Amino acid sequence: MSEVRVRIAPSPSGNLHIGTARTALFNYLFAKKNNGKFVLRIEDTDAERTSQAYIDNIFDSLKALGLNWDEGPDVGGEYGPYTQSERFDIYPKYAQILLDKGFAYECFCTPEELEAEKAIATQNKKPYVYTKRCEHLTEEEKEKFRKEGRKPAIRFNISKAQRAFHDSSILKFNDMVKGELHVDTDLLGDFVIMKSNGTPTYNFAVVIDDMLMKISHIIRGEDHISNTFKQILIYEALGAEVPEFGHLGMILAPDRSKLSKRHGATAVSEFVEKGYLTEALINFVALLGWSPSDGVEIKTVDEIAKDFRIHDVSSSNSIFEYDKLNWMNSHYIKMLDIEDLKERLKPYLTKYDLSELSDAQYTRMVEVTREPLTILSDITDAVPYFFGEDVEIEPKAQTEVLDTEVAQDVLEEFARQAQGWEFEEENLHHKLEVFRGEYKEKGIKPKVTMWAIRAAVTGRTCGADMTAILAILGKERTLHRVRKAMKPAVKN
RNA sequence: AGCGGUAUCGUCUAGUGGUUAGGACGGGAGAUUCUCAUUCUCCAAACAGGGGUUCAAUUCCCCUUACCGCCGCCA
C-alpha cells in the first residue's frame, strides 16, 4: 500500500476558521491513525484577498491546536513549494498537456458575453451551463480574437474527458464518509482551468498540487462535492491516479445558517482570545461528527487518533452549540495544573496589579476562584476585590445586605472580634465557624452572617471561599473594608 | 429552477430487522456548602410524515416534507 498523505489547504483570506480547524483535525487524525503524512498548503492564488497576517494566523492557530504538519511552507518537504503563489510556473505546463490531449480548449469569451449567456439561461429558468461556443474555434478565429487584444482562458472539456474514460455520462466515486456519489456530467459546464491572466483556477490548482504532492486521501467539507467530479475528470485526463475522497458535513450555527460573525467567534484565534483552551476546542470539534467507541468524550488528540475511523464519521451537518463547548472548556480548566493555570490566567488580569500579591497569595486566589470559570476571561470579573485598599460595593450587596440591621450588627461584632484574630487560613476557618455559631444561636442563619462579611469585604453577595479571601487580604485591609461598610449605620 | 446530500431527545451522538432506543451537553427536582459555583442522586426529553418489503421495521426500498450544499475567469 502506498503511503497515506493528507493535507489541509486553507486559503489565507481570513483567520483560521473553526470549521477549517475541524477539517484539519480530521485529516491529522487520519494521518496519525494510518502512519501517514499531514501536509499544509497555502492556497493563495487570489492575491486580492490574501494577506500575510492571515497566513501567520493560520500557522499559529494550527500550532496552538497541536495540529503539526509534516510538510508545509515553513518546514518545507519533498514536494514543495507549499504555497500556491510560488507554483504559478507549474500550472501552465499541465494546462498545455490538457490542451494537447484535446481535453481543454481556449475560450475567448468576454465577461460581458458570458454574462449575457447567463442572463438568457436565468430568463428561461434553465440552469446555466457554458455553451461551448469556443470549443471548435478555428486558428483564424482565434487569431482574430488575439489581434483584438483578447486573452484566452482555458476551459476543461468535460464531455470529452467523461466519454474517454467512462461508458455513460454518469460519473461516480465512492466517498469515504458519504458512500457512493454520482452525477450526470452532461449537466456540468466546461469550467475554466486557467484564467485569461495566466493564473490557475481553484479546481485546477488543487488537482495539480494534490497530484504533485502525492496526496492519497482528500478529506474536506461537503461543499466540495460538486467540485470533486470535475477534479476526478482532470486527474483522469492527466493520466494520474485518482485519490480517495471523504466529505465531511458542515458545521452550522444554532439557527442552521453558516457559522458567521454574528453568531460569535468563528476564528480559532478569537476563541482563544476569549479564553477557550485549545485542548477543549479541538476535543469539542472532534465530537462534531465523530464519537468515541468507548463513550468517553474527554480525550486528547492522540487518544482520538487511535480510535479514529474515517468511515464512521457522521455524514450529516452538525450544529455548533456553545453549551457543550462551554461545559467542556470549564472541565478542561478544572483539570489544568495550578501553575499552568496561573500562567494562562495572567493575560486576563492585566487590569490588576499582580505585584500586590505574593506568589503564594496569587496561587491561593486562583485556587479559590477557578471553580466557576467557564472561559479564562471570566477571571477578570471574578477577582477585583483581591486588589486595592477599598472595594466597590455592588448595589445589590448594599441594599439587600449591608443596609440591613442584622448585617450591621454582624459587622460591628466581627470588627471587634477579628481585631484579635490571627489572619491565617486554618485559624480563620475555625474562628469564622465559631462566629457563625454564635449568631446561629441568636437565630441568625450562618448564611446571613457570612453574607454580611462577604458584602463588606468583597462588595458582592457571592464569590470565593471567605476564609481564603480574608487570609489573602489580611487583617488590616479586611477590617478597613468592614469599618467602611458599617459607618453609615453606626451613625444612627 | 436544476443537481447532489442529510434526516434518532432542544443540541452532539450510540444502536438494532424483534432493545425498557443508550450516553453527553443543556433543562427540571433534590442532597452537600457561608454565597455563587462545584460535586453527587434522580427525572423529563427522540427514531420527520406516508407508502411498501417482512411474521416483525427506527433499522431495507420508494415518495413527500424539511434542512444543507453546489451551480464564478472565488477558494
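All values reported here derive from a predicted model rather than from experimental measurement. Every chain is numbered from 1 and lettered A, B, ... according to where its sequence line falls, protein lines coming before strand lines.
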query: Can you check whether A:Phe173 reaches A:Asp175 side chain to side chain, under 4.5 Å on heavy atoms?
result: yes
Separation of atom [atom1] in [X] from atom [atom2] in [N], rounded to whole Å:
X: A:Lys334; N: B:rU39; atom1: NZ; atom2: C1'; answer: 10 Å
X: A:Asp294; N: B:rA24; atom1: CG; atom2: C1'; answer: 13 Å
X: A:Arg256; N: B:rG10; atom1: CZ; atom2: P; answer: 11 Å
X: A:Glu115; N: B:rG72; atom1: CD; atom2: C1'; answer: 9 Å
X: A:Arg220; N: B:rA75; atom1: CZ; atom2: P; answer: 14 Å
X: A:Ile225; N: B:rC3; atom1: CD1; atom2: P; answer: 16 Å
X: A:Asp209; N: B:rA75; atom1: CG; atom2: P; answer: 12 Å

For [X], which contact category applies under a 4.0 Å heavy-atom criterion: base, sugar-phosphate, or nothing?
X: A:Gly463; value: base
X: A:Ala464; value: base
X: A:His182; value: sugar-phosphate
X: A:Glu371; value: base
X: A:Asp44; value: nothing

Could you label the plane-to-plane angle of the [X] and [Y] rings as parallel, tilted or perpendicular, counting under 30° as parallel and over 60° as perpendicular?
X: A:Phe191; Y: A:Phe156; result: tilted
X: A:His247; Y: A:Phe245; result: parallel
X: A:Phe423; Y: A:Trp421; result: tilted

Shortest side-chain distance from [X], nucleotide among [options]:
X: A:Ser11; options: B:rA75, B:rG72, B:rG5; result: B:rA75
X: A:Thr467; options: B:rU6, B:rC34, B:rC67; result: B:rC34
X: A:Lys118; options: B:rG72, B:rA37, B:rC36; result: B:rG72
X: A:Ala153; options: B:rA75, B:rG2, B:rC73; result: B:rC73
X: A:Glu297; options: B:rA75, B:rU11, B:rG23; result: B:rG23
X: A:Leu114; options: B:rC25, B:rC73, B:rU6; result: B:rC73
X: A:Cys462; options: B:rU38, B:rC36, B:rC67; result: B:rC36
X: A:Trp327; options: B:rA7, B:rA24, B:rC34; result: B:rA24
X: A:Arg436; options: B:rU38, B:rC25, B:rC34; result: B:rC34

Tell me whether the OP1 or OP2 atom of [N] has a side-chain N or O from [X] closer than 4.0 Å.
X: A:Thr45; N: B:rA75; answer: yes
X: A:Lys195; N: B:rC74; answer: yes
X: A:Arg370; N: B:rU38; answer: no
X: A:Thr201; N: B:rA75; answer: no
X: A:Ser291; N: B:rA14; answer: yes

Looking only at N and O atoms, is any donor in the side chain of [X] or the base of [N] less than 3.5 Å from an acceptor on the other one?
X: A:Asn197; N: B:rC73; value: no
X: A:Ser196; N: B:rC73; value: yes
X: A:Arg454; N: B:rC34; value: yes

message: By nearest heavy atom, map A:His429 and A:Pro127 onto RNA chain B; which one lands nearer the 5' end?
response: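 The residue mapped nearer the 5' terminus is A:Pro127.
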- prompt: Of A:Asp312 and A:Glu321, whose nearest nucleotide on RNA chain B comes first from the 5' end?
  reply: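 On the 5' side of the pair lies A:Glu321.
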- prompt: Counting heavy atoms not belonging to A:Glu148, are there more than 12 under 6.0 Å from its CD?
  reply: yes
Polar contact flag, side-chain donor to acceptor under 3.5 angstrom, A:Thr201-A:Asn203: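 No, A:Asn203 and A:Thr201 have no side-chain donor paired with an acceptor closer than 3.5 Å.
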Under 3.5 Å for both donor-acceptor distances, Watson-Crick or wobble: does [N] have a partner, and if so which one?
N: B:rG69; value: B:rC3
N: B:rC9; value: none
N: B:rA21; value: none

- prompt: Is a side-chain donor or acceptor of A:His311 paired with a backbone partner of A:Met176 at a separation under 3.5 angstrom?
  reply: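 Yes; judged by distance alone, with no hydrogens or angles, the pair exists.
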